[in-house]
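Every number for a ligand or one of its atoms is a count from 1 in the order of the listing. By convention here, the first residue in the shown sequence is residue 1.
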Amino acid sequence: MADLLTLDDIDLSTLGGKRTFVRVDFNVPISEDHKVLDATRLEEALPTIRELAGAGAVVILASHLGRPKGKRDPRYTLRPVADELRQLLGEGVRFAGDCVGEEVEDLIRAMDPGEVILLENLRFHAEEEKNDPAFAGRLAALAEVYVDDAFGSAHRAHASVVGVPERLGRKAAGRLLAREVEALGRLLGEPERPFAALLGGAKIEGKIDTLQNLLPRLDLLLLGGGMANTFLAAQGHEVGGSLYEPDRVEVAQGILKDAKSRGVEVLLPTDVVVAETLDDPARVRTVPADRIPADAKVFDIGPDTRRKFAGAIGRAKTLFWNGPLGVFEKPPFDAGTREVAQALASCPGFSVIGGGETVAAAHQAGVADRLGHVSTGGGASLEFLAGKTLPGVAVLEKGR
Ligand code: 3PG
Ligand code: MG
């Protein structure tokens with residue numbers, strides 16, 4: 001496991017008055033009336049922000065929000081996030097209307113040690129995602145020290161994630177980033193067994209590398225959500241009108257074969273909740289997974305599957321879960337995900353979950369504080385577990 005520079009490697013007693021650029025991932029859901037709907041990512045970054053502010057640093061927070069495609073777009077302003085941050089940190093939190101330029105520089109110059117400012121959305125500049133050298137240079141010129149606490153963005157080789165730390169001599173991972181790398185690293189190290197992975201979500205796409213990297217380490221593989229349909233198809237079952245990936249049936253067959261040869265127990269749905277459309281709750285039925293009617297679509301795992309999944313979770317000494325097991329945002333098709341989330345409370349081992357909907361499900365089930373680690377990264381946690389080097393992590397390795 002990579003040895004990361006952390007806040008412990010930065011002498012905090014020397015940070016007084018030092019302008020410190022802190023990349024955070026405040027890419028959070030925002031309501032139409034501009035309110036933060038889930039502040040988890042803000043709360044998780046607070047320890048680092050408080051530690052730096054407490055050391056007297058001038059704390060410059062930078063994040064992206066959504067995908068505004070390089071243009072200023074009021075729908076993606078971070079202003080509501082600054083308002084929420086004030087609720088958490090106090091009235092002193094400032095907001096800058098841009099992330100580079102003279103006005104921002106003036107605002108920062110006027111700050112006192114220990115003060116906090118949030119810059120406007122980095123992605124209002126197309127140069128951010130391109131890791132444009134001149135743009136990275138302008139961001140880096142705002143500060144003397146770099147701290148990255150944006151695990152959710154560590155898989156993006158963007159200017160604020162790699163370009164800025166490449167330009168600043170003093171840099172470190174914040175508390176959240178370090179904790180994420182440690183917890184997810186445990187899964188790839190020598191996890192206590194049985195080790196179970198529970199994967200859901202709409203598609204296999206984006207999870208193939210993760211599946212393949214985890215498989216040799218796993219004892220149990222539980223599959224639900226839309227992606228399970230492709231596995232059911234791989235076993236020769238009809239999936240009716242369900243969402244599935246015809247061009248990934250072969251990949252699914254390969255994974256099932258590989259799992260078998262390695263002795264990994266695979267649990268696929270044995271029963272499923274189906275309907276003709278998402279908007280016809282009156283005609284929701286539960287059917288065996290090998291008898292899905294031609295006109296039906298699978299929207300959730302059935303009660304028998306939930307029981308089996310809960311049983312497997314109750315045996316796991318290490319567990320990773322990413323992805324809802326049904327159409328979680330559309331009741332009654334959230335029931336499978338909810339019940340399985342509740343079962344996490346009975347997992348005797350070290351459990352890690354990642355991905356926005358999965359984390360939301362764990363919170364709703366009231367089990368989030370009983371888990372080993374709740375990752376703030378969706379794509380980033382999957383790429384980490386796929387064994388890929390995350391650019392935002394690599395740039396903070398010791399001795400680079
Ligand atoms: C996320 O929410 O997955 C991260 O903030 C990264 O966002 P992105 O997928 O738009 O790069
Ligand atoms: Mg994403």
What atoms of ligand 1 come closer than 4.0 angstrom to any heavy atom of [X]?
X	result
Arg67	8 (P), 9 (O), 10 (O)
Asn27	1 (C), 2 (O), 4 (C), 5 (O), 7 (O)
Arg156	8 (P), 9 (O), 11 (O)
Asp25	4 (C), 5 (O)
Gly152	4 (C), 6 (C)

Does ligand 1 have an atom that lies less than 4.0 angstrom from a heavy atom of Glu129?
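Glu129 does not count as a contact of ligand 1 under the 4.0 Å cut-off.
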What residues form a ring-ring contact (aromatic ring centres under 6.0 Å, His included) with Phe309, not counting sequence neighbours?
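With neighbours one apart ignored, the set is empty.
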Considering residues at least two apart in sequence or located in another chain, which fulfil the ring-ring contact (aromatic ring centres under 6.0 Å, His included) criterion with Phe231?
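If we apply the ring-ring contact (aromatic ring centres under 6.0 Å, His included) test to Phe231, skipping adjacent residues, there are no hits.
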Classify the contact between His158 and ligand 1 as side chain, backbone, both or neither, using a heavy-atom distance cut-off of under 4.0 Å.
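It is neither; nothing of His158 touches ligand 1.
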Any nitrogen or oxygen of Arg41, side chain or backbone, less than 3.5 Å from one on ligand 1?
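Yes: some nitrogen or oxygen of Arg41 is under 3.5 Å from one in ligand 1.
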Is the shortest side-chain heavy-atom distance between Phe95 and Thr77 below 4.5 Å?
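Yes, at least one pair of side-chain atoms sits under 4.5 Å.
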Does a donor on one side chain and an acceptor on the other come within less than 3.5 Å for Asp271 and Thr286?
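Distance-only check fails for Asp271 and Thr286.
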Is the closest side-chain donor-acceptor distance between Arg170 and Thr14 under 3.5 Å?
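Yes, side-chain donor-acceptor contact under 3.5 Å.
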Evaluate the ring planes of Phe21 and Tyr146, with Trp represented by its six-membered ring, and classify them as parallel (under 30°), tilted (30 to 60°) or perpendicular (over 60°).
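Aromatic pair Phe21/Tyr146 classed parallel.
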